[in-house]
Student: 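Quick one: the structure is below, and I'll ask about it shortly.
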Amino acid sequence: MTREAIRLNMIELKTADQITKMRKAGKVVGGLLEVLKAAVKPGLTTAELDELARQTIVRLGGKVAFKGYRGFPGNICISVNEQVVHGIPSQRVLNEGDIVGLDVGAIVEEYYADAAVTVAVGAVSKEAKQLLRVTESSLHEGIAKARPGNRLSDISHAVQTCAEKAGYTVVREFVGHGIGKQLHEPPEVPNYGAPGFGPELKAGMVLAIEPMVNLGKPAVRVLEDGWTVVTKDGNLSAHFEHTVAITEHGPEILTKQ
Ligand code: MG
C-alpha cells in the first residue's frame with residue numbers, strides 16, 4: 001500500500017502476482033491452524049500453543065506476523081471463553097469445556113495472511129458448540145457475498161443476519177480489514193450493517209473477514225493488559241476469520257485449512 005493510498009483511504013487492488021504471494025502466506029496460515037487445532041487439549045498452556053505456533057510458522061516457510069505488532073507480545077492471539085480477541089499467550093492452562101480462539105498470521109515474501117478459528121477443548125456444552133457452529137457459518141455467509149458487483153456492507157449484513165437469527169450478537173468495536181503488504185489495510189469490514197452500502201467490491205481486493213459473535217450482549221471491554229478484549233457480561237464469545245481474495249469468479253479463501 002502506497003502512502004498516497006493510505007492518505008486517500010483507497011482500497012488496493014492486488015495484481016495476480018501479489019495474490020500468488022498471498023496464496024503462499026495463506027497456505028502457511030491454513031497449515032498452522034490445522035496443526036494448532038490438532039494440538040489443543042486439556043492441560044496445555046496457551047504459552048505452549050504459542051511456541052508451537054512459532055515453530056510451525058517457521059517450519060512452513062513463513063515469518064511470525066503478530067509478535068511486536070504495535071507491541072503485541074505473543075506469536076499468535078489466544079482468547080479463552082469470554083475473551084473475544086487479542087488474548088496474550090500465558091501460563092493459563094486450558095481446561096476441558098473451554099473454548100479457545102486461535103487468531104494467527106504469517107508473512108511470506110512480504111505479504112500477510114490472517115485467519116482465526118475457535119475450537120472446543122475436550123467436551124464442551126451444547127451452548128458452546130452451537131455458538132462455534134453459528135459463528136463459523138456467519139463467516140461463510142459473509143464470504144459468499146465477497147464477489148464483484150456486490151457492496152462491502154453486503155458481507156457485513158450477511159454475517160450479522162446469520163448470527164442474530166440464532167439469537168447471538170455481533171461485536172461492533174472490532175472489525176475485519178483489507179490485507180496485503182500491511183496486516184491492516186483499508187477498508188474496514190464491519191460485522192453488522194444494512195446491505196447495499198460502502199465501496200463496490202472488485203476483483204483484486206483481498207479482505208480479512210472476521211466475525212466476533214457473542215452468546216450474550218454485544219458490549220466488550222479491554223483488560224488492563226491493554227490487549228485482551230472480553231465480553232462485558234462475561235458470556236462466551238467466538239471468532240472465525242479467513243483471508244479472502246475477490247476474483248472475477250467469486251471469493252477465493254486463501255487461508256483454507
Ligand atoms: Mg484480522
Side-chain angles (χ1 to χ4, degrees), residues 1 6 11-12 14 19 22-23 25-33 36-37 50 53 57 62-79 83-89 100-108 110-119 135-136 138-143 145-146 152 155-156 158-160 163 170-193 198 205-214 220 222 227-229 237-246 251-257:
M1 165 121 324
I6 289 170
I11 304 171
E12 185 185 49
K14 270 74 181 176
I19 291 185
M22 296 193 73
R23 215 173 263 133
K27 220 170 169 192
V28 171
V29 162
L32 170 62
L33 282 177
L36 295 178
K37 283 195 288 191
D50 186 62
I57 291 169
K63 277 195 242 170
V64 167
F66 293 172
K67 195 173 186 118
Y69 182 83
R70 297 188 180 171
F72 186 75
N75 295 295
I76 61 171
C77 302
I78 306 182
S79 308
Q83 298 177 350
V84 180
V85 286
H86 304 165
I88 300 172
V100 59
L102 308 166
D103 187 356
V104 311
I107 305 167
V108 175
E110 293 185 279
Y111 284 83
Y112 282 85
D114 184 8
V117 294
T118 304
V119 296
T135 307
E136 187 168 19
S138 75
L139 169 59
H140 288 284
E141 299 275 321
I143 290 171
K145 299 292 181 186
L152 184 68
I155 297 173
S156 312
V159 169
Q160 180 179 23
V170 293
V171 172
R172 264 68 170 172
E173 290 89 336
F174 296 86
V175 295
H177 49 93
I179 180 167
K181 252 187 174 171
Q182 310 288 333
L183 179 56
H184 297 124
E185 295 182 358
E188 292 193 339
V189 186
N191 294 306
Y192 63 95
M205 289 179 181
V206 184
L207 305 175
I209 302 171
E210 50 177 319
M212 287 150 257
V213 176
N214 294 352
V220 298
V222 179
W227 282 104
T228 314
V229 179
S237 185
H239 178 215
F240 283 82
E241 177 178 21
H242 272 305
T243 295
V244 178
I246 298 176
E252 178 186 346
I253 299 176
L254 302 182
T255 46
K256 256 205 184 109
Q257 291 126 53

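Counting starts at 1 for both ligands and their atoms, in listed order.
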Student: Distance from Ile209 atom CD1 to Ile179 atom CD1, nearest 0.5 Å?
Tutor: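 Ile209 CD1 to Ile179 CD1: 11.5 Å, rounded to 0.5 Å.
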Student: Is there an N/O/S atom in His184 that lies less than 2.8 Å from the Mg ion (ligand 1)?
Tutor: no
Student: Under a 4.5 Å cut-off applied to non-hydrogen side-chain atoms, are Glu252 and Arg23 in contact?
Tutor: yes
Student: Less than 3.5 Å apart, any donor N or O on the side chain of Thr243 or Asp114 sitting next to an acceptor on the other?
Tutor: no
Student: His177: which N/O/S atom is nearest the Mg ion (ligand 1)?
Tutor: NE2
Student: Could you tell me the separation between the CZ atom of Phe240 and the OG atom of Ser138, rounded to the nearest 0.5 Å?
Tutor: 8.5 Å
Student: Starting at OG1 of Thr255, measure out to NE2 of His242 and round the result to the nearest 0.5 Å.
Tutor: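 These two atoms lie 5.0 Å from each other.
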Student: Quick one: report the N, O or S atom of Glu210 that is nearest to the Mg ion (ligand 1).
Tutor: OE2
Student: With the Mg ion (ligand 1) as the point of reference, which N/O/S atom of Glu241 is the closest?
Tutor: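 Per the distance ranking, Glu241 contributes OE2 as its closest N/O/S atom to the Mg ion (ligand 1).
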Student: Look at Asp114 and state whether any of its N, O or S atoms is less than 2.8 Å from the Mg ion (ligand 1).
Tutor: yes
